[in-house]
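For the single chain, residues carry numbers from 1 onward in sequence order. Each ligand, and each atom within it, is numbered from 1 in the order the structure gives. Because only heavy atoms are used, hydrogens play no part in the values below, and waters and symmetry mates are left out as well, while side chains stay in.
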Amino acid sequence: MTVLEGKQVLLGVTGGIAAYKAVELVRLLKKAGAGVDVAMTGAALRFVGKTTFEVLSENPVITNLWEDSHGSVAHIDVAARCNAAVIAPATANCVAKLAHGLADDALTTTFLAVTAPILICPAMNTHMYENIRVQRNLDLLEKDGVHILDPDFGTLACKTVGPGRLPDPWLIADRIEQMLTFKDLAGKNVLVSAGPTLEPIDPVRFVSNHSSGKMGYAVARAAEMRGAAVTLVTGPVSLSPPVGVDTVFVQTCHDMAEAMLTRMDGADIIIQVAAVADFRPDQQENLKIKKRSDQDGMTLTLVQNPDILRAMGERKRPDQFLVGFAAETHDLAANAVKKIEKKNLDMIAANLVGGKDTGFQADTNEMTIFFKDGSHTGIPLMDKPAVAHKILDAVLGRLEPGR
Ligand code: PMT
């Protein structure tokens, strides 16, 4: 469940080749539990039929102020009931009209009546987008508090290469979610680690673990949604970096230690989700180790890696809040509590690993959070993004005023 559940989103579609992507956006918003109303310009109707949006949104589509009255003032009704409004794609013409308060069609008239937060997704030819008049209009809208999602760079339908492509629908949905999320972490700097570390044996082999990065990435994304400035230090995973998060890519425990320790002084909240390899091969061969026919096996000597969390615990200032994670196969509470003291933590989020619904790789997790004052609270089994929000709720609940 996300913040979109039960919300009403008004989607404006204007006449650009990317109008077809708005169809997928409706599907994603509905899947997330939002209700959707659609307003289209006459030019948009030349690219995608009204029926497609009507079927997917399960609502009448506003295209004309005079014919779509539905027994009431439909465009005012949808403007009044929306919790968020988005125009995707937004043409240069639509951007200009909105910037200057013009309302000469159903879409612009509807949007002029919107009091909810608005996201504009401009999409057009690169030269049009870079035109000083279009940029000036976008600046005007931004100054008025309208959110702008910059277009992607790429090859456009007109074969121009440059900025102008409408971003993917999942990204637009992500930014609508961000717009609707309460900013209770505004002004905070949050440093998060995620994923495994990978300790090379030779150029082709390594020692590592099963961390997928899902939990750490969810924490970073949730903190960004809640208004924090977030830095994510990540080991090698196959996930896309969360939008709006400054992401630093590392490989080994030593890389991660350097990345975290050089950034921790600027952080208010530090959350060490990464599954750091406790051991690394005592030496890394420069050339691939060859199999030898006169040997049945080989012995690998491992040495202990530095404990990054412990080093951060020793260095942390009283105004910083340090969160560790504990991955346990047994004695969850006893092991987690020991780590709070040993690593000087404010809080530890403990999960069982080895099962299919929690810990490594799973899309869900179940956690017990232990605080340094000896108290604890549980997070029942839920999706990792929801768990991430619960962890941040727990942090916020413990932050002293001014910290
Ligand atoms: O990435 P996913 O597939 O979504 O899986 C999520 C997860 C299981 C990795 C995550 O929920 C989790 O439990 N992370 C902590 C994993 C871990 O290393 O736990 P630990 O109990 O071994 O270590 C305790 C704490 O010390 C952790 O915060 C760890 O990051 C830190 N540590 C450990 C060793 C080390 N050398 N340096 C550290 O900083």
Side-chain angles (χ1 to χ4, degrees), residues 191-199 207-222 232-239 241-242 250-261 263-264 269-280 302-316 321-370 379 381-388 390-392 394-395:
L191 177 62
V192 182
S193 71
T197 66
L198 193 150
E199 314 294 335
V207 173
S208 190
N209 58 62
H210 291 297
S211 174
S212 63
K214 287 177 192 169
M215 192 67 248
Y217 276 53
V219 171
R221 179 173 180 265
L232 171 67
V233 174
T234 173
V237 297
S238 56
L239 303 174
V250 297
Q251 181 161 313
T252 63
C253 169
H254 272 102
D255 300 340
M256 185 170 278
E258 199 198 331
M260 294 297 285
L261 288 163
R263 286 169 178 81
M264 78 167 280
I269 301 164
I270 303 149
I271 310 178
Q272 176 81 334
V273 191
V276 183
D278 286 315
F279 300 97
R280 68 177 187 283
L302 299 177
V303 292
Q304 238 184 64
N305 262 334
D307 190 321
I308 307 170
L309 188 57
R310 192 170 182 168
M312 291 196 289
E314 281 162 11
R315 188 160 135 187
K316 100 179 164 83
F321 196 91
L322 182 61
V323 181
F325 265 58
E328 308 295 344
T329 51
H330 59 284
D331 295 337
L332 186 85
N335 288 327
V337 167
K338 267 190 232 152
K339 286 173 188 169
I340 292 192
E341 201 168 319
K342 197 165 133 200
K343 306 193 188 204
N344 189 26
L345 309 177
D346 294 290
M347 175 181 135
I348 195 158
N351 50 190
L352 284 171
V353 291
K356 78 176 185 4
D357 293 332
T358 64
F360 294 114
Q361 304 272 335
D363 288 330
T364 50
N365 214 352
E366 182 179 354
M367 310 215 76
T368 310
I369 294 182
F370 299 91
I379 302 177
L381 190 72
M382 56 180 83
D383 284 352
K384 281 182 175 168
V387 172
K390 295 278 180 205
I391 290 167
L392 294 176
V395 172

Minimal non-hydrogen separation, [X] against [Y], with atom names:
| X | Y | result |
| --- | --- | --- |
| Ala336 | Ile348 | O-CG2, 3.8 Å |
| Ile391 | Phe325 | CD1-CZ, 3.6 Å |
| Cys253 | Pro306 | SG-O, 3.5 Å |
| Leu309 | Gln272 | CD1-CB, 3.6 Å |
| Pro242 | Tyr217 | CD-CD2, 3.7 Å |
| Ile369 | Ala394 | CD1-CB, 3.8 Å |

Exercise. Contact between Gly216 and ligand 1, counting heavy atoms under 4.0 Å?
Worked result: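 No; Gly216 lies far enough from ligand 1 that no heavy-atom distance drops under 4.0 Å.
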Exercise. With distance as the sole test, does Asn365 use its side chain to make a donor-acceptor pair with the main-chain N or O of Asp383 at under 3.5 Å?
Worked result: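 Not a single qualifying donor-acceptor pair exists.
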Show which atoms of ligand 1 fall inside a sub-4.0 Å distance from at least one heavy-atom site of [X].
| X | value |
| --- | --- |
| Ala274 | 15 (C), 16 (C), 18 (O), 29 (C), 30 (O) |
| Ser211 | 1 (O), 2 (P), 3 (O), 9 (C) |
| Gly359 | 5 (O), 8 (C) |
| Met215 | 4 (O), 6 (C), 11 (O) |
| Lys384 | 2 (P), 3 (O), 4 (O), 5 (O) |

Exercise. Salt bridge (charged side-chain N to carboxylate O under 4.0 Å, His left out): which pairs involve residues 349-366, sequence neighbours left out?
Worked result: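 Sorted pair list: Lys214-Asp363.
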With a 4.5 Å cut-off on side-chain heavy atoms, are [Y] and [X] touching?
| X | Y | value |
| --- | --- | --- |
| Phe321 | Met347 | yes |
| Met312 | Leu261 | yes |
| Thr197 | Thr252 | no |

Please state which protein non-hydrogen atom is closest to [atom] and give its distance, to 0.1 Å?
| atom | value |
| --- | --- |
| atom 33 (C) of ligand 1 | Lys343 NZ, 3.9 Å |
| atom 19 (O) of ligand 1 | Ala327 N, 3.4 Å |
| atom 13 (O) of ligand 1 | Asn351 ND2, 2.9 Å |
| atom 9 (C) of ligand 1 | Phe360 CE2, 3.7 Å |
| atom 14 (N) of ligand 1 | Val273 O, 2.8 Å |
| atom 18 (O) of ligand 1 | Ala275 CA, 3.5 Å |
| atom 28 (O) of ligand 1 | Gln272 O, 2.8 Å |
| atom 27 (C) of ligand 1 | Phe325 O, 3.0 Å |

Problem set entry | Electrostatic pair Lys342-Asp307, nearest N-O below 4.0 angstrom |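 Salt bridge between Lys342 and Asp307, a charged N being under 4.0 Å from a carboxylate O: no.
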Per [atom], closest listed option by heavy atom ([options]):
| atom | options | value |
| --- | --- | --- |
| atom 37 (N) of ligand 1 | Asp278, Asn209, Ile308 | Ile308 |
| atom 22 (O) of ligand 1 | Lys339, His210, Glu328, Met312 | Lys339 |
| atom 38 (C) of ligand 1 | Leu352, Asp307, Thr364, Val219 | Asp307 |

Counting both backbone and side chain atoms, is some N or O of [X] under 3.5 Å from an N or O of ligand 1?
| X | value |
| --- | --- |
| Cys253 | no |
| Pro306 | yes |
| Gly324 | no |
| Ala277 | no |
| Ser212 | yes |
| Ala362 | no |
| Val353 | no |

Exercise. What part of Gln361, side chain, backbone, both or neither, has a heavy atom within less than 4.0 angstrom of ligand 1?
Worked result: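 Near ligand 1, Gln361 shows its backbone, while the atoms from C-beta on stay back.
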Problem set entry | Steps toward side-chain contact (heavy atoms from CB on, under 4.5 Å) verdict (Val192, Val273) | CA-CA 7 Å; Val192 182; Val273 191; 4.1 Å; yes
Problem set entry | Crowding at NZ, Lys390 (>12 non-hydrogen neighbours, <6.0 Å) |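 Result for NZ/Lys390: open.
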Problem set entry | Non-neighbouring partners of Phe370 that pass ring pair (Phe, Tyr, Trp, His ring centres under 6.0 Å), sequence neighbours left out |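 Ring pair (Phe, Tyr, Trp, His ring centres under 6.0 Å) check on Phe370 returns His376.
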